[in-house]
Visitor: 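Shown below is the structure under consideration.
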Amino acid sequence: MTFKLEQVTSVGLEGMRGHRVVVEANVRDEKEACIIIGLPDAPMKESKERILSCLHTLGVDVSMKKITIHLSPADKRKTGTGHDCAMLIAVLQKMVVEPLPTGRNTCFLAALSLSGNLVPFHGLIPAIQQAVLLGFERIILPPIDIRFLGKMKAVEFVPIHTISDLLTYLRGQQVLNLSQEDLLLPNESSHADDSDMYTDFANVRGHAEAKRVLEIAAAGGHHVLLNGPPGCGKTMLADAFHTILPDLSNDDMLEVFGIYHLAKENRGFSKRPPYRHPHHSASAVSLIGGGTFPKPGEISLAHKGVLFLDELGEFSRKALDMLRQPMETGEVTINRVRQSVTYPSSFSLIAATNPCPCGYFGSNERYCTCTPTQVKSYQLKASGPLLDRIDFILTLHSVGLAKTDVGESSEIIRKRVQNARRIQKERYSSSELNGNIPFALLMQTALLTDAEHTMLQAICFQEKWSNRTQAKLIRIARTISDLAGETNISKASLEEAIKWKRIANGIQNIPNERLNNG
């Protein structure tokens, strides 16, 4: 009697994107061998030894048996050890008398030990997330604590310790529940607010304009460049920016945790947005991601958080220009000969730079020792197209501590930012912000009046601003109105956005004029 075997499925990853992997097996009487086909990588080719060892542990006779395991789709490269369990079940489907009812909507995500234990593997967390997005209703896992996953739709998570327990479970028999002591916990940190690790806005004296700009940037996901001499407070403001960002939602927290898991970076299971501060000697690959064995770069590790580039003029121009596409799309795709991988990279860029190598070009406090050629070369490290994607450009000056009062705390500002983001979430029905929402959707909800639209076009024509600049002004004005709790973009919000752009243009033009004058 022939039984119709059900599909055995798993999830493959290309970066952070997942796809279904259907596992088939063929067992026939021939010289003993075990072959895996379907573009497996080196660690997956070693899975055959783990599978044979588990079959021996179960008492299955594999003498004079040739086992062929096929992973579909065959044209996509398979990596890692996460398909071990699915491959073993596919082989057992062919070798046991009674079929194993797996079900089309069951996903197997576990590596195997030689003794038949289900064990976690590198990439387990993002694989679970993608399995949920692909519509699986039941996910077989190694014994991990699944409470950190929260409530994910109508998905049944089944942590299993051994392959014997898994077979018992698939046959509909009772399996003893694992105690909490038997469950492996993910790398977890305190869920408490860790803002004490960073500078509070109340400790930053003066710089009222910069604080206003950073509040708008935090509320709408905009990018900021701070320009000024050494010691004026650029790094302190950037460090304080992290403290006014709201906590991550559970879905965003899981996504960030999955990215760090893939990159093998230490990050606790925290609700606070990530804050990345790479050194200016960082290569383009370390910033963007990739490598021989692709992994996320700094822009992906800063997903849903802050990427702070201090000493922007010291970074290589090639590395900086590679930021342009991720800043607009919120993701980065790395193309290689063997595969293409995509990682999310929706971050807020805070950059800081000196106006010249010595730092004092245009300063009234100290004399600049750089030649005009050195100043121009230093400033051209950030190309025009990159600067055009930065929403705010400000020049800072040194502030005396005795002349300034203590400003608002980060907690007060964060409440306003959180309220503005809540308004955007309700408006767009997504987690996207004004800074990265598709422009068509922004215009549908912007509700600009004819008079405001005419005023904006006239000013942009007069100032010779590009279409991207016009779109940027609408995005910034929308965020300013959200901070004020206004339904429509007000004229005052539009005028403030235009003011910030004029300040930025003044900053960019002054050095060039001075250079032309020698």
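FYI, side chains are in, hydrogens and waters are out, and symmetry mates aren't considered; it's all heavy atoms of this structure.
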Visitor: Rounded to the nearest 0.5 Å, how far does CD of E298 lie from CD1 of I288?
Guide: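 With rounding to 0.5 Å, CD1 (I288) is 10.0 Å from CD (E298).
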Visitor: As an exercise, state the distance from CG of D388 to CZ of R468, rounded to the nearest 0.5 Å.
Guide: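 If I round to the nearest 0.5 Å, the distance is 5.0 Å.
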Visitor: Starting at CZ of F461, measure out to CG of L456 and round the result to the nearest 0.5 Å.
Guide: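 F461 atom CZ to L456 atom CG measures 14.0 Å (nearest 0.5 Å).
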Visitor: Do the side chains of K211 and E408 get close enough for a salt bridge, i.e. N-O under 4.0 angstrom?
Guide: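 No, this pair does not count.
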Visitor: Is the backbone of N354 close enough, under 3.5 Å, to the side chain of K234 for a donor and an acceptor to pair up by distance?
Guide: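 Here the side-chain-to-backbone pair does not exist.
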Visitor: The test is side-chain contact (heavy atoms from CB on, under 4.5 Å); show your working for T243 and R414 and say whether it passes.
Guide: CA-CA 7 Å; T243 64; R414 180 164 38 166; over 6 Å; no
Visitor: Using a strict threshold of under 4.0 Å (side-chain N to carboxylate O), is an ion pair present between E255 and K304?
Guide: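 Judged by the 4.0 Å cut-off on N to carboxylate O distance, K304 and E255 do not form a salt bridge.
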Visitor: Under the side-chain contact (heavy atoms from CB on, under 4.5 Å) rule, what do V132 and I139 come out as? Steps first, then yes or no, please.
Guide: CA-CA 9 Å; V132 174; I139 303 176; 4.1 Å; yes
Visitor: Any side-chain donor-acceptor pair under 3.5 Å between R416 and N419?
Guide: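 R416 vs N419: no donor-acceptor pair found between side chains.
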Visitor: Any donor and acceptor pair, going by atom type alone, linking the side chain of Q130 with main-chain N or O of L13 inside 3.5 Å?
Guide: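 Not confirmed, Q130 side chain does not pair with L13 backbone.
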Visitor: Nearest 0.5 Å, what's the NE2-CD1 distance between H277 and I350?
Guide: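 Reported to 0.5 Å precision, the distance equals 12.0 Å.
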Visitor: Which heavy atom of P159 sits nearest a heavy atom of P142, and at what distance?
Guide: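 What the structure gives for the nearest pair is CB-O, 3.7 Å.
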Visitor: Going from OG1 on T479 to CD1 on I489, what distance comes out if it is rounded to the nearest 0.5 angstrom?
Guide: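 The distance works out to 9.0 Å.
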Visitor: Are R475 and F439 in a cation-pi setup, meaning NZ or CZ lies under 6.0 angstrom from the ring centre and within 45 degrees of the ring axis?
Guide: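 Judged by the rule (NZ or CZ under 6.0 Å from the ring centre, within 45° of its axis), R475 is not positioned above F439.
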Visitor: State whether a side-chain donor-acceptor pair under 3.5 Å links N227 with T353.
Guide: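 No, no side-chain donor-acceptor pair sits under 3.5 Å.
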Visitor: Any side-chain to backbone donor/acceptor pair from H207 onto C232? Under 3.5 Å, distance only.
Guide: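 At least one qualifying donor-acceptor pair exists.
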Visitor: Apply salt bridge (Lys or Arg N to Asp or Glu O under 4.0 Å) to the pair R212 and E496, showing each step before the final yes or no.
Guide: CA-CA 11 Å; R212 173 62 176 169; E496 184 178 351; 2.9 Å; yes
Visitor: Within the 3.5 Å criterion, strictly below it, is a donor on Y260 or R267 matched to an acceptor on the partner's side chain?
Guide: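 Looking only at side-chain atoms, R267 and Y260 do not form any donor-acceptor pair under 3.5 Å.
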Visitor: When rounded to the nearest 0.5 angstrom, what distance separates CZ in R20 from OG in S10?
Guide: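 Between R20 CZ and S10 OG, I get 11.0 Å after rounding to 0.5 Å.
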Visitor: With a 4.5 Å limit on heavy-atom distance, are the side chains of W500 and V213 in contact?
Guide: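 Heavy-atom side-chain distance check passes, below 4.5 Å.
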Visitor: Donor-acceptor check, side chain of R272 to backbone of H242, threshold 3.5 angstrom: yes or no?
Guide: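 Checking the backbone N and O of H242 against the side chain of R272, a donor-acceptor pair under 3.5 Å is found.
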Visitor: With no hydrogens and no angle check, is any side-chain donor or acceptor of N436 less than 3.5 Å from a backbone partner on L433?
Guide: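 Checking the backbone N and O of L433 against the side chain of N436, a donor-acceptor pair under 3.5 Å is found.
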Visitor: Taking all non-hydrogen atoms of both residues, which atom of L109 and which atom of A131 are closest, and how far apart?
Guide: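 Scanning both residues, the minimum pair turns out to be CD1-CB, 4.2 Å.
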Visitor: Is Q424 reaching over with its side chain to a backbone N or O of A420, donor-acceptor style, under 3.5 angstrom?
Guide: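 Yes, the answer is positive, given that a donor and an acceptor are paired below the 3.5 Å cut-off.
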Visitor: Output, in order, the C-alpha distance, side-chain angles, deciding distance and verdict of side chain to side chain donor-acceptor pair (under 3.5 Å) for T333 and T342.
Guide: CA-CA 4 Å; T333 300; T342 300; 3.2 Å; yes
Visitor: Taking all atoms of both residues into account, what is the closest heavy-atom pair of H303 and P344, and its distance?
Guide: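 In this case the closest contact between H303 and P344 is CE1-CB, 3.5 Å.
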Visitor: Which pair of heavy atoms, one from G290 and one from V285, lies closest together, and at what distance?
Guide: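 Nearest pair, atom of G290 first, then V285: C-CG1, 4.0 Å.
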Visitor: Take a 6.0 Å sphere around NE2 of H453 and say whether it holds more than 12 heavy atoms from other residues, nucleotides or ligands.
Guide: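 Open.
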